[in-house]
Asks: 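This is the structure, below, for whatever I ask next.
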Amino acid sequence: MELSLSSSSLRIYGTSPHYTKPSINTKCKFYETVFKFPESSTFRTNSYSIKRSSTLVSTRFPKQFSIKACGQVGAAGSDPAVDKVADFKDAFWRFLRPHTIRGTALGSVSLVTRALLENPNLIRWSLLFKAFSGLVALICGNGYIVGINQIYDIGIDKVNKPYLPIAAGDLSVQSAWFLVLSFAVVGVIIVGMNFGSLITSLYCLGLFLGSIYSVPPFRMKRFPVVAFLIIATVRGFLLNFGVYYAVRAALGLTFQWSSPVAFITTFVTLFALVIAITKDLPDVEGDRKFQISTFATKLGVRNIALLGSGLLLINYIGSVAAAFYMPQAFRSSLMIPFHAILASCLIFQAWVLERANYTQEAIAGFYRFVWNLFYAEYIIFPFI
């Protein structure tokens, strides 16, 4: 983290998992981050003060401090309307949870690419709009699921993820409801108009599962096994099967599993289980406070990190074995070394986490790395 002060400006650079630094505009507005200072430090300039705060930051960051920065009011020509649009854009992007959007977008593009490579003679430019509309529908579904979770997790997020827009006060609950309902309606309309009854039913099933995960009285996230099965079903099976089925239907083909698509569906479903259990690693404090039972709260952070790493290693060992035993279905020269390298990187990151004694920063870094492995699998998939 870097802090630079001058007589007229304050710039703060900080990181948190999957969060992009907001820009600080010239109107008076508060931004917060955490920064370590000696126990009783107070630092002042003409326009700014930095002091210890126990209420503005998550209690899971002991002995850390909140920095409040208020820029000088209004540079010449500043437009409040433009500032409001910029603020909403930033809050909207955080509301979408960009790391999940990347996973959804990469998965759909990868599967479409694979289906087209298997049938290059059927490719038509007219399919481009249909593919784009499908991607928009998937992003809408993703936005609905992560958005409804934030609406019902405000208290938990104020402890675990204070940078999220509702918890931070950057997006009202009313605006969040408008967004999630809009996502759901637009997504269902797009799918219904373009992809037939089966895909529409699967899409609605995904929205339903995402709803009962978060919404009372169901709130299935309280039950660890049910929670990670929901995540694995939506992000693993429904996404991969649904996209591949839709592409083949658009090409005028009946559905048929290919070995690579069966592989990626199985691989990603198991991977989604790992994401489901490791996503709770940074959230233990808030989950315990609000009596949310997760494997991390029950078994401990270290045990769950090791379990997640072990399941991913099984995935990679299975990938190498599949390439050995089915050379006619996979490009062994690419598949074997690629997964061996990823497995080695995973072992190294698990070792780093162990050496760091499972600090909050190390846990967040490990969770980001797990998502990077997820992205990497989809990037390589069309070519294996």
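All figures in this text were calculated on a predicted structure; none of them were measured in a lab.
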Asks: Please answer: with hydrophobic residues joined when any side-chain heavy atoms are less than 4.5 Å apart, are Val185 and Val146 in the same cluster?
Replies: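 In one cluster with Val185: Val146, no.
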Asks: Do Asn372 and Arg102 get their side chains close enough for a donor-acceptor pair, meaning under 3.5 Å?
Replies: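 Arg102 and Asn372 do not have a side-chain donor-acceptor pair below 3.5 Å.
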Asks: Return yes if some donor-acceptor pair links the side-chain N/O of Glu377 with the main-chain N/O of Leu373 below 3.5 Å, else return no.
Replies: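 Looks like no, no N/O pair under 3.5 Å.
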Asks: Do any N or O atoms from the side chain of Tyr375 and from the backbone of His99 form a donor-acceptor pair under 3.5 angstrom?
Replies: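 Yes.
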Asks: Distance from Ile148 atom CD1 to Tyr213 atom OH, nearest 0.5 Å?
Replies: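 The distance works out to 13.5 Å.
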Asks: For the pair Phe92 and Phe88, name the ring-plane relationship: parallel under 30°, tilted 30 to 60°, perpendicular over 60°.
Replies: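 Parallel.
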Asks: Can you see which heavy atom on Ala350 is nearest to which on Ser309, and at what distance?
Replies: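 Between these two residues, the closest heavy atoms are CB-OG, 3.9 Å.
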Asks: Within the side chain of Ser133, is there an N or O that forms a donor-acceptor pair under 3.5 Å with the backbone of Lys130?
Replies: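 Here the side-chain-to-backbone pair exists.
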Asks: Should Ile189 and Leu179 be regarded as members of a common hydrophobic cluster, given that ILVMFWY residues are connected when their side-chain heavy atoms come within less than 4.5 Å of each other, either directly or indirectly?
Replies: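 Unlinked, Ile189 and Leu179 end up in two clusters.
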Asks: Find out whether Val226 and Phe218 are in side-chain contact, i.e. whether some heavy atom of one side chain is under 4.5 Å from a heavy atom of the other.
Replies: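 No, every pair of side-chain atoms sits at 4.5 Å or beyond.
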Asks: Any sub-3.5 Å donor-acceptor pair from Ser214's side-chain atoms to Ser211's backbone N or O?
Replies: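 Judged by distance alone, no pair lies under 3.5 Å.
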Asks: Could you report the tightest heavy-atom contact between Ala329 and Pro260, atom names first, then the distance?
Replies: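 In this case the closest contact between Ala329 and Pro260 is O-CG, 3.9 Å.
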Asks: According to a hydrophobic-cluster definition based on side-chain heavy atoms being under 4.5 Å apart (Ile, Leu, Val, Met, Phe, Trp, Tyr only), do Leu202 and Val186 belong together?
Replies: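 Cluster IDs for Leu202 and Val186 differ.
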Asks: Please confirm whether the backbone N or O of Ala323 pairs with a side-chain atom of Ser332, one donor and one acceptor, at under 3.5 Å?
Replies: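 Yes.
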Asks: Please tell me if the side chains of Ile145 and Thr100 come closer than 4.5 Å, counting only heavy atoms from C-beta onward.
Replies: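 With C-beta onward as the side chain, the pair stays apart.
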Asks: Side chains of Leu111 and Val247: closer than 4.5 Å at any heavy-atom pair?
Replies: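 Heavy-atom side-chain distance check fails, nothing below 4.5 Å.
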Asks: For atom CZ of Phe208, is the number of surrounding heavy atoms from other residues, nucleotides or ligands below 6.0 Å larger than 12?
Replies: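 Open: at most 12 neighbouring heavy atoms sit under 6.0 Å from CZ of Phe208.
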Asks: Minimum heavy-atom separation for Tyr203 and Gly187, please, with both atom names.
Replies: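 Nearest pair, atom of Tyr203 first, then Gly187: OH-CA, 3.2 Å.
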Asks: Please assess Phe330 against Phe263 for the test ring-ring contact (aromatic ring centres under 6.0 Å, His included), listing each intermediate value before the final yes or no.
Replies: CA-CA 10 Å; Phe330 302 101; Phe263 159 77; 5.7 Å; yes
Asks: So with a 6.0 Å cut-off around CZ of Arg124, is the heavy-atom count from everything else above 12?
Replies: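 Yes, enclosed.
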Asks: I'd like to know if Asp170 and Arg94 make a salt bridge, using a cut-off of under 4.0 Å between side-chain N and carboxylate O.
Replies: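 Yes, charged N to carboxylate O under 4.0 Å.
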Asks: Which of these passes side-chain hydrogen bond (donor to acceptor under 3.5 Å, both in side chains) with Tyr378: Asn240, Thr113, Thr104?
Replies: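 Exactly one option meets the side-chain hydrogen bond (donor to acceptor under 3.5 Å, both in side chains) with Tyr378, and it is Asn240.
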Asks: Kindly assign one of parallel, tilted or perpendicular to the pair Phe241 and Trp257, based on the angle between their ring planes and the thresholds 30° and 60°.
Replies: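 Because their plane-to-plane angle lies in the 30° to 60° range, the rings of Phe241 and Trp257 count as tilted.
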Asks: Please round to the nearest 0.5 Å and tell me the distance separating atom CD1 of Ile363 and atom CG of Leu353.
Replies: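 Here the interatomic distance stands at 6.5 Å.
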Asks: Applying the side chain to side chain contact (heavy atoms under 4.5 Å, CB included) test to His339, which of Ile317, Val320, Asn315 qualifies?
Replies: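 For His339, the side chain to side chain contact (heavy atoms under 4.5 Å, CB included) check succeeds only for Val320.
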Asks: Which heavy atom in Val188 sits nearest to a heavy atom in Cys204, and how many Å separate them?
Replies: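 That would be CG2-SG, 4.2 Å.
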Asks: Establish whether Tyr316 and Ile347 are linked, either directly or via other cluster members, by ILVMFWY side-chain heavy-atom contacts under 4.5 Å.
Replies: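 Yes, it is one cluster - the side chains of Tyr316 and Ile347 are joined through contacts under 4.5 Å.
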Asks: Assign the ring pair Phe369 / Phe366 to parallel, tilted or perpendicular, where the plane angle (0 to 90°) is split at 30° and 60°.
Replies: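 Plane angle between 30° and 60°, so tilted.
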Asks: Quick one: list whatever passes salt bridge (Lys or Arg N to Asp or Glu O under 4.0 Å) with Arg222, sequence neighbours left out.
Replies: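 Arg222 satisfies salt bridge (Lys or Arg N to Asp or Glu O under 4.0 Å) with no residue once adjacent residues are dropped.
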Asks: Does Asn119 reach the main-chain N or O of Ala115 with its side chain, forming a donor-acceptor pair under 3.5 Å?
Replies: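 Judged by distance alone, yes, a pair lies under 3.5 Å.
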Asks: Where is the tightest heavy-atom contact between Ala276 and Ile231, given as atom of each residue plus distance?
Replies: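 Closest approach of Ala276 to Ile231, heavy atoms only: CB-CD1, 3.7 Å.
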Asks: Within the structure provided, determine whether Ser172 and Phe178 are in side-chain contact (heavy-atom separation under 4.5 Å).
Replies: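 The answer is no; the side chains never approach within 4.5 Å.
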